[in-house]
Amino acid sequence: VHWRQVHNYTDILYHKTTGIAKITINRPHKRNAFRPQTIVEMSQAFEDARNDPTIGVVLLTGAGPHTDGKYAFCAGGDQSIRGEAGYLDEQGVARLNVLDLQRQIRSLPKVVIALVAGYAIGGGHVLHLVCDLTIAAENAIFGQTGPKVGSFDAGFGASYLARIVGQKKAREIWFLCRQYTAQEALAMGLVNAVVPVEALEAEGIRWAQEILSKSPLAIRCLKAAFNADCDGQAGLQELAGNATLLYYLTQESAEGKTAFLEKRPPNFQQFPWRP
Ligand code: 2NE
């Protein structure tokens, strides 16, 4: 495929090709650890992908390999700029804005696929977790480090992880802070597939193209439904928003609006009470 660069960012690369957007965390010297600016840029790119009606799938990945030959998806929050109450932005304000990004990825009405080569660690592990699908390279390494480095993610990082791998495994992952291979991740249902690192992007594109041949509204509602099962009233709101969107597309809904604008009573009798 031919990737078009969309915008010049400092911490990420943002590309598009037919139907697919690709967001690449581009701090390989830090194993793609994120700072607040990285998250701001990722959030802007995801918003752009959301608003572009030609885009149905977003690939999220990390730049690499670094000059030492090692790959990383993302090593979490940049510990070198961790302040007293979060990660310091350029104005010195402490932020945990990756939590907003997690919600943005989950509620994005398009499919987000994480392509993980090398380390997906700490907050970087949670980022792949909140993506709809994960394709791992054979060299991928997964793990949480919070209790080792003085942090934790008790949100999606804990409860959604437990939904995916089960309570026992999720507690093991957080309490022991071990690292897991791609094959181990596959065995515990943490990733969808494992491929050689050279084939990672091509495999992501293949999955994206398969998804793009499907019905956009069906995929959109299914994503919201999967979220609703885990996300309480916020999840229901998202699913319900899609019900409203679909209803707006009907003649029955349009009749209500048209009657109001024409200052006449609505004629809903023309529509059936379906079984
Ligand atoms: C990722 C890992 C296991 C890689 O190990 P290795 O041995 O391959 O590389 P090395 O030498 O540790 O790292 C290479 C360079 O990247 C920097 C390192 O400091 C090093 O820099 P130089 O010495 O070459 O200058 N680097 C790597 N990760 C970084 C990070 N997160 N922040 C800043 N610099 C980083 C190994 O590097 C590792 O364990 N990294 C730390 C992973 C981690 O603990 N992340 C934070 C978890 S907390 C979090 O993300 C979080 C949260 O829990 C809640 C809310 C928001 C965020």
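Read the numbers this way: they start at 1 and go in the same order the structure lists the ligands and their atoms. Remember, it's a predicted structure, so these values are computed and weren't measured experimentally.
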* Taking everything shown except Gln237 itself, do over 12 heavy atoms lie less than 6.0 Å from its CD? -> no
Among all protein heavy atoms, pick out the one at the shortest distance from [atom]; state its residue, atom name and that distance to 0.1 Å.
atom                    : value
atom 33 (C) of ligand 1 : Asp78 OD1, 3.2 Å
atom 38 (C) of ligand 1 : Ile121 CG2, 4.9 Å
atom 42 (C) of ligand 1 : Ala75 O, 3.4 Å

Shortest heavy-atom approach to [atom] - which of [options]:
atom                    : options                     : answer
atom 21 (O) of ligand 1 : Lys30, Arg31, His29         : His29
atom 50 (O) of ligand 1 : Gly77, Gly155, Gly86        : Gly77
atom 5 (O) of ligand 1  : Tyr87, Tyr71, Phe73, Tyr119 : Tyr119

* Asked: Does the protein put any heavy atom within less than 4.0 Å of atom 25 (O) of ligand 1?
  ->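 False for atom 25 (O) of ligand 1.
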* Using 30° and 60° as the class limits, which term best fits the ring planes of His66 and His29: parallel, tilted or perpendicular? -> tilted
* Asked: Under 30°, 30 to 60°, or over 60°: which ring-plane class applies to Phe156 and Tyr160, parallel, tilted or perpendicular?
  -> perpendicular
* Within less than 4.0 angstrom of ligand 1, does Gln179 place any heavy atom? -> yes
* To do: Check each atom of ligand 1 against the heavy atoms of Lys70 and keep those under 4.0 Å away; list them by number with element.
  => 6 (P), 7 (O), 8 (O)
* Same cluster (ILVMFWY, side-chain, under 4.5 Å), Ile20 and Val1 -> yes
* **For Phe142, the option from Ile121, Thr181, Val191 that meets side chain to side chain contact (heavy atoms under 4.5 Å, CB included)** =>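 It is Val191; the other options fail the test.
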